[in-house]
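Presented below is the structure to which this report refers.
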Amino acid sequence: MNYYFINGPALTEVTERYTRLTGTPEMPPLWALGYHQCRWSYYPDSRVRELAAAFREKQIPCDALYLDIDYMDDYRVFTWDEELFPDPEGLIRDLKEQGFETIVMINPGVKVDNDYELYRQGRDKGYFCTRPDGEMVIAPVWPPECAFPDFTNPEVRAWWGGLYEDLMARKKVSGIWNDMNEPAVFEVESKTFPNHVRHDFDGHPCSHKKAHNIYGMQMARASLEGMKKQNPDKRPFLLTRANFAGGQRYAALWTGDNIATWDHLRLASEQSIRLSISGYSFVGSDVGGFVEKPSAELFTRWLQLAIFHPLFRNHTMGYNVDGAAAVKKEEVELRRAQSDTDQEPWVFGDDHTAINRSMIELRYRLLHYLYTAFYHYVQQGTPILRPLSYYDQSDEQALSQKGPFLFGDDILVAPVLEPGTTALEVYFPEGGWYDFRTGERYEGRQTHQVEAPLEAIPFFVRAGAVLPLREVMQHTQERALQQLELNVYYGEGETTSRLYEDAGEGYDYESGAYRLTTFRQQGQSDRLSLSAEREGDYELAYAEVEVTILGLPFEPSAVHVDGRRVPLEKTADGDYTLYLSDPDFKEVDIK
Ligand code: MIG
């Protein structure tokens with residue numbers, strides 16, 4: 001066993017160095033940071049089309065829809081049920097035209113069936129896991145008898161990766177969801193393989209005792225490599241349930257089957273933060289809870305928390321029975337008629353629909369900011385979610401804070417994790433913090449009471465920060481950006497913030513088509529100057545920048561942008577707005 005000691009001494013640096021040691025992912029496609037809608041399962045295809053239409057009709061932004069196991073023909077991976085989905089290409093194309101990316105599930109268990117080409121290939125080539133006596137491991141998962149590819153064998157990984165050709169290159173799905181890759185096995189107490197199962201382990205044969213923890217990660221690796229090969233110009237999106245240290249290079253992760261309770265809401269927050277400081281930032285929970293149906297209040301609070309989780313996905317088990325052998329489709333339909341387990345953002349009454357819509361819109365407003373935080377994660381290993389102790393580890397009060405957390409460098413989130421909440425006591429670490437909703441400023445190293453009515457999640461922007469805001473769209477690629485908004489939060493002394501932009505898809509950014517802006521703010525009692533330095537040559541779609549200045553401690557008399565005097569408008573809230581027609585501005589000076 002090798003031990004690594006990492007002496008930051010700053011906590012953020014410990015995570016950064018650990019993450020660089022075990023690896024960072026590539027930039028995700030921008031759409032993958034939008035809102036995702038899932039359930040077990042949307043079928044047949046007409047229901048998926050209705051779902052897509054409902055999002056657009058109700059004007060609730062959404063970028064991705066999922067097909068859970070039922071789209072397959074009798075749970076045979078890499079096949080389609082021809083009755084439920086007679087024309088997958090057509091469906092996926094139509095969804096794409098409406099701005100939805102399709103993500104489909106692929107499990108490791110391969111149905112034992114001599115009429116199934118994939119099974120025959122794996123069996124004949126000896127690609128499935130075996131017992132010490134050389135016999136194949138056969139166990140029940142969705143199909144009653146499954147064989148399991150040995151993903152620890154490089155040849156098997158290459159084979160498995162190649163199987164994605166039809167899904168990726170022909171049917172044009174945008175993402176893959178790997179589930180049950182612990183590997184999960186039904187009807188045994190351990191819920192997984194016995195220890196004696198053999199693995200290739202990249203040419204160093206060993207037992208499952210050694211390979212268990214990396215089995216799921218090697219499946220994700222095989223999937224990602226295959227996806228990249230099929231569509232080399234597109235950024236892949238892969239979601240996995242099982243993974244291991246370093247697996248953040250291959251896939252996003254969700255926290256598994258949770259329950260629609262307030263306890264699990266708190267766990268969703270804690271688990272996501274812990275994963276993030278363990279090098280794994282592309283994480284989130286099943287919003288609303290997987291098992292059972294949340295109350296309207298719990299659902300809204302969950303959605304509000306998840307705005308700040310890099311993976312933003314609503315998922316529920318619907319009418320199915322978890323962990324048991326397959327429930328017959330007719331029975332599922334019967335239960336569907338008898339009970340209501342729908343969990344889309346509009347099923348909790350009109351008041352909640354309006355709140356839920358505005359929360360998802362808020363996520364889309366914050367996408368530039370999240371994308372920039374993701375860029376730092378990819379470049380530096382900087383965790384996107386951090387406990388307050390990461391902000392100031394010399395602050396004892398900050399060390400003991402459990403609820404509030406940091407989202408990127410400049411935002412402090414105070415999630416509501418209890419029913420009936422209307423206000424929260426929030427401890428603020430060093431510095432000044434502006435309530436995003438009202439612009440009110442709170443001083444740090446103190447506890448303040450803040451409003452937390454159902455329709456809003458309290459979050460605060462660091463004094464001195466420049467927060468980019470994106471216009472709301474129904475999906476990330478609805479239209480070219482018309483303008484950029486920048487909220488400048490006055491802060492004393494010098495502060496830096498960054499903004500990363502690129503095409504949000506493809507790899508041109510690797511050859512310079514990106515734009516990294518470093519903003520420097522200098523705040524004095526009678527003057528504010530903001531400079532912008534840029535790197536990269538990505539061509540922006542927008543030509544206008546709207547700058548809003550909040551918290552200015554003096555009455556300004558003159559504003560200059562790159563030496564030229566420009567007008568400043570005072571808003572109803574007492575902030576100041578100026579419009580710049582040159583997104584390449586270098587210097588804003590306010591006196
Ligand atoms: O035994 O594919 O965690 O997200 O909906 C359940 C059905 C199998 C477990 C996953 C869940 C998914 C479900 N799967």
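Worth knowing before you read on, the calculation uses all heavy atoms, side chains too, and leaves out hydrogens, waters and symmetry mates.
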Practice item. Establish, for the pair Arg313 and Tyr66, whether the NZ or CZ atom is under 6.0 angstrom from the six-membered ring centre and no further than 45 degrees off its axis. Key: yes

Exercise for review: State, to 0.1 Å, how close Leu311 and Leu253 come at their nearest heavy-atom pair, and which atoms those are.
Suggested key: CD2-O, 3.8 Å

Review point. Between Phe585 and Arg534, is there a cation-pi geometry (under 6.0 Å to ring centre, at most 45° from the normal)?
Key: yes

Practice item. Inspect the contact between Asp68 and Arg39 and indicate whether a charged nitrogen and a carboxylate oxygen are less than 4.0 angstrom apart. Key: no

**Study point:** Check: Lys96 and Lys172 side chains under 4.5 Å, non-hydrogen atoms
**Key:** no

**Study point:** Cation-aromatic face contact Arg17/Tyr4, 6.0 Å, 45 degrees
**Key:** no

Check your understanding: Is any side-chain N of the basic residue among Glu494 and Arg520 closer than 4.0 Å to the acidic one's carboxylate O?
Key -> yes

**Study point:** For Thr255, side chain to side chain donor-acceptor pair (under 3.5 Å) partners two or more places apart
**Key:** none

Check your understanding: Between Asp202 and Arg157, is there a side-chain N and carboxylate O pair less than 4.0 Å apart?
Key -> yes

Review point. Does Gln393 reach the main-chain N or O of Pro9 with its side chain, forming a donor-acceptor pair under 3.5 Å?
Key: yes

Review point. Hey, does Met168 have a side-chain heavy atom less than 4.5 Å from the side chain of Pro236?
Key: no

Point to revise | Name of the residue among Thr495, Leu467, Asp410 meeting side chain to side chain contact (heavy atoms under 4.5 Å, CB included) with Tyr489 | key: Leu467

Check your understanding: Got a salt bridge between Asp87 and Arg93, using NZ or NE/NH1/NH2 to carboxylate O under 4.0 Å?
Key -> no

**Study point:** Donor-acceptor contact below 3.5 Å, side chain Arg221 vs main chain Arg249
**Key:** no

Practice item. Would you confirm whether the ring centroid of Phe148 sits within less than 6.0 angstrom of the ring centroid of His208? Key: no

**Study point:** Side chain to side chain, Tyr390 and Thr382, heavy atoms closer than 4.5 Å
**Key:** no

